[in-house]
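Values in this document were obtained by computation on a predicted structure and should not be read as measured data. Throughout, protein chains are lettered first and strands after them, A, B, ... in sequence-line order, and every chain is numbered starting at 1. Below, all heavy atoms of this structure are taken into account, side chains as well, without hydrogens, waters or symmetry copies.
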Amino acid sequence: MSNSVHVYDARADHATVTAESPLAYSFQRSGMPAPGEEGRAVVSERAFLGHLILRGGAIVLDEALREVLGIGLPGRPNSLTVDADGQRSVQWLSPDEWLLIVPGDEIFGLETRLRAHLGGSHVAIVDVSAGQTLIELSGEAAHEVLMKSTVYDVDPHAFTVGKGVTTLFAKTNVILRRPDEARWELIVRRSFADYVYRWLLDAGEEYGIGVARESRHEPQ
Amino acid sequence: MFHIYCPYCEELREEEEFHPKGQAHIARPEEPDACSDEEWGDYLFFRDNPRGIHHEMWLHAVGCRKFFNITRNTVSYEILETYRMGEQPTVGAEHLAREEKTASVQAAEGGQQTVGASDAALASVKGAQA
């Protein structure tokens, strides 16, 4: 069954073709206030990561993922597993659905190896990298910006490191997660990225929000 | 602003994340071709609209996107339990009857003879909520 699935490298020509991140337009149109000394919140986009949706049975997927990537599926609902260097993560989305995020240049190889390992198992793997983007929020007031924006309890004591939920953010939905003490990650549909970005700038104004441009994950 | 327990996320989530999806536990006739029009029409169109305990399907639309069941009191809007698809409710119509009975006993103890008064049951449900 898996033989009939066509897997192709959507980034094969990244060396020759310049790509623009989902927020490229927003940066130009809405501006990028630089993080000031007084600023208590910083936004940055981590574009061009590889996003993979895994669906199927937890046991078979967990086994394949441990073999291929070295990290397992999170065992509990609303939780997140991050690998040792913080570059790769798996998040629980629903009882049979997980979101895997890896550096952009690894996604094709990973999907190929996962498919090879899973063989004919009853699973679905979908590359959604082009459909969503990751916005990172940091700074001491990051959770205060979130409190203004989401119905979920984002008190740092309640929303502990390693937690991740799908919830409402302003008038759209977002996958919100906390990979470590300092950072919050928002995964949004790329068509809603501009809305979320402008909302964050507006909500974060009182905390002196700034935008840091991150280049380490962008293609050459 | 109130919270609903999602049996898949295993935590209380904001009501805005959920959508009601109508009556639960409706079984599709095993042999649709062998059904009478009346049976098929009942299955397709006719829904209960009880005053009291109602078993409903809800969808955690912004969240795990799974359907689950809620047992709800349509009079007081109290949610009595939530449970996964495929499971059976543990709270049924007899729950209200029990409440009513308890309420009448209490009323009798207070010196008022209001046996079987459903308003008393209602008050006790509201009292439990407050």
**Q** Please check if the number of heavy atoms outside A/Glu20 that lie under 6.0 Å from its CD is greater than 12.
**A**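 Open: at most 12 neighbouring heavy atoms sit under 6.0 Å from CD of A/Glu20.
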**Q** Where is the tightest heavy-atom contact between B/Cys64 and A/Pro95, given as atom of each residue plus distance?
**A**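 Between these two residues, the closest heavy atoms are CB-CD, 4.4 Å.
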**Q** Name the region of A/Leu168, side chain, backbone, both or neither, that has any atom closer than 4.5 Å to a heavy atom of chain B.
**A** both
**Q** Given B/Arg65 and A/Ser94, is the side-chain contact (heavy atoms from CB on, under 4.5 Å) satisfied, shown in steps?
**A** CA-CA 7 Å; B/Arg65 303 198 297 274; A/Ser94 96; 6.0 Å; no
**Q** Taking 4.0 angstrom as the limit, do A/Lys163 and B/Glu11 come out as a salt bridge?
**A**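 Salt bridge between A/Lys163 and B/Glu11, a charged N being under 4.0 Å from a carboxylate O: yes.
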**Q** Within a 6.0 Å radius of atom CZ on A/Arg40, are there more than 12 heavy atoms belonging to other residues, nucleotides or ligands?
**A** yes
**Q** Flag yes if more than 12 heavy atoms outside B/Phe2 fall under 6.0 Å of its CZ atom; otherwise flag no.
**A**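 Yes, because the 6.0 Å sphere around CZ of B/Phe2 holds more than 12 heavy atoms from other groups.
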**Q** Answer yes or no: does atom CZ of B/Phe46 have more than 12 heavy-atom neighbours from other residues, nucleotides or ligands under 6.0 Å?
**A**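 Check fails, neighbour count at 12 or below.
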**Q** Among the options A/Val165, A/Asn173, A/Asn78, A/Asp96, pick out the one with the most heavy-atom pairs lying under 4.5 Å from chain B.
**A** A/Asn78
**Q** If you count the non-hydrogen atoms of other residues, nucleotides and ligands that lie under 6.0 Å from CZ in A/Phe192, is the total more than 12?
**A** no
**Q** Hey, what do you get for CG (A/Asp153) to NE2 (B/His3), rounding to the nearest 0.5 Å?
**A** 8.0 Å
**Q** Check whether more than 12 heavy atoms from other residues, nucleotides or ligands sit under 6.0 Å from atom CZ of B/Arg47, and answer yes or no.
**A** yes
**Q** Does any backbone or side-chain atom of B/Glu14 lie under 4.5 Å from a heavy atom of chain A? Answer side chain, backbone, both or neither.
**A**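 Interface part for B/Glu14: side chain.
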**Q** Identify the heavy atoms of B/Arg13 and A/Thr166 that sit nearest to each other, and give their distance.
**A**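 Scanning both residues, the minimum pair turns out to be NH2-O, 2.6 Å.
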